[in-house]
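Throughout, numbering of the chain's residues begins at 1 and tracks the sequence.
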Amino acid sequence: MSRVGKKIITIPNGVQFSIKDNVAKAKGPKGELSFAIPSGISFTQEGNTLTFSRSDDHKKTRALHGMTRAQVANILEGVSNGFQKNLGMEGVGYKVEMKGKRLLLSVGFSHPILFIPPDGIEFAVLTPTTFSVKGIDKQLVGEIAAKIRFLRPPEPYKGKGIRYEGEYIRRKAGKAAGK
């Protein structure tokens with residue numbers, strides 16, 4: 001049995017959840033999400049708890065068991081609380097500011113970068129060097145945060161760049177002095 005797949009999901013208060021034609025739909029205060037449940041995975045709903053089980057022990061079905069449970073738990077968490085990734089910048093002249101709903105990043109290039117959010121994503125600037133990416137879809141929030149980090153990933157010598165909050169960058173020693 002999958003350790004993740006056999007965990008019980010509790011449906012939060014204020015969230016409407018239904019599964020019809022193998023499509024799980026959740027509607028809550030933050031929005032609405034859905035997920036297609038793959039074949040071979042079945043569910044049982046008792047009150048406000050949900051459990052998933054698999055029909056056989058094939059490798060693909062075992063992999064889908066835990067993934068399906070995690071995806072449904074993520075859509076329930078997303079529509080009730082939402083997800084957030086915090087990022088920070090380090091470097092001389094690095095800063096971030098909002099231009100309407102867009103993010104204007106100054107990260108050491110000759111020009112500032114204007115990052116336009118897709119639907120369902122919001123940005124919030126916390127300080128001139130820290131900002132957050134918010135949304136209800138966990139995968140989309142992580143993807144957008146990774147795209148922003150990719151614009152100027154942290155380098156190992158001075159640590160300049162865009163990094164996730166709490167991310168540790170292993171530093172390297174610079175050039176050794178010549179004799």
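- Considering CD of Q71 and OG of S34, their distance stands at 11.0 Å, rounded to 0.5 Å.
- Between F35 and N74, every side-chain heavy-atom pair lies at or beyond the 4.5 Å cut-off.
- For residues 25-34, no residue pair satisfies the salt bridge (Lys or Arg N to Asp or Glu O under 4.0 Å) rule, not counting sequence neighbours.
- By the 30° and 60° cut-offs, the orientation of the rings of F43 relative to F52 is tilted.
- For P38 against L64, the heavy-atom pair with the smallest separation is CB-CD1, 3.9 Å.
- Cluster membership check: V133 shares its hydrophobic cluster with L151, using side-chain heavy-atom separations under 4.5 Å among Ile, Leu, Val, Met, Phe, Trp and Tyr.
- Looking at R152, its side chain does come within 3.5 Å of a backbone N or O of V107 through a donor-acceptor pair.
- Y157 is not connected to V92 by any chain of hydrophobic side-chain contacts under 4.5 Å among Ile, Leu, Val, Met, Phe, Trp and Tyr, and they are in different clusters.
- No chain of hydrophobic side-chain contacts below 4.5 Å, direct or via other Ile, Leu, Val, Met, Phe, Trp or Tyr residues, connects F150 to I116.
- Counting only residues at least two apart or on different chains, no side chain to side chain donor-acceptor pair (under 3.5 Å) pair has a member in residues 101-116.
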Subject >> Test side-chain contact (heavy atoms from CB on, under 4.5 Å) applied to I11 and L50, step by step >> reply: CA-CA 7 Å; I11 300 170; L50 216 87; 4.1 Å; yes
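- Counting only residues at least two apart or in different chains, salt bridge (Lys or Arg N to Asp or Glu O under 4.0 Å) contacts with residues 67-83 are absent.
- Taking both residues in full, the closest heavy atoms of E155 and I169 are given as O-CG2, 4.0 Å, listed atom of the first, atom of the second, then distance.
- Side chains of M89 and L105 form a contact here, defined as non-hydrogen atoms less than 4.5 Å apart.
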Identify every side-chain donor-acceptor pair in residues 134-144 under 3.5 Å, counting partners at least two apart or on other chains, and give the distances.
unit_1 : atom_1 : unit_2 : atom_2 : d
D137   : OD1    : Q139   : N      : 3.3
Q139   : NE2    : E143   : OE1    : 2.9

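- Using a 4.5 Å cut-off on side-chain heavy atoms (C-beta onward), V72 and L76 make contact.
- Within 6.0 Å of atom CG in D119, 12 or fewer heavy atoms from other residues, nucleotides or ligands are found, so the atom counts as exposed in its surroundings.
- Although no hydrogens or angles enter the test, the distance criterion places a donor-acceptor pair under 3.5 Å between the side chain of R171 and the main chain of K158.
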Show me the donor-acceptor pairs within less than 3.5 Å that the side chains of residues 14-23 make with the rest of the protein, sequence neighbours left out.
none

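- Across all their heavy atoms, V79 and A26 have their closest contact at CG1-O, 3.7 Å.
- I8 CD1: 12 or fewer foreign heavy atoms inside a 6.0 Å radius.
- Taken to the nearest 0.5 Å, the NZ atom of K7 stands 14.5 Å off from the OG1 atom of T51.
- Contact detail for K85 and A145: the closest heavy-atom pair is CB-CB, 4.0 Å.
- To the nearest 0.5 angstrom, R54 atom CZ is 14.5 Å from S39 atom OG.
- In this structure the side chain of F131 reaches within 4.5 angstrom of the side chain of I148, judged on heavy atoms.
- Between D56 atom CG and T61 atom OG1 the span is 4.0 Å, to the nearest 0.5 Å.
- Counting only distance, with no hydrogens or angles, the side chain of R62 and the backbone of D57 share a donor-acceptor pair below 3.5 Å.
- For the pair L103/V96, a side-chain contact is recorded, criterion being any heavy-atom separation below 4.5 Å from C-beta on.
- I162 is connected to I121 through a chain of hydrophobic side-chain contacts under 4.5 Å among Ile, Leu, Val, Met, Phe, Trp and Tyr, so both are in one cluster.
- Shown here are the salt bridge (charged side-chain N to carboxylate O under 4.0 Å, His left out) partners of E167, two or more places apart in sequence or in another chain: R149.
- Closest heavy-atom contact between N86 and S132: OD1-CB, 3.0 Å.
- Annotation for M98 and F123: closest pair CE-O, 3.7 Å, computed over non-hydrogen atoms.
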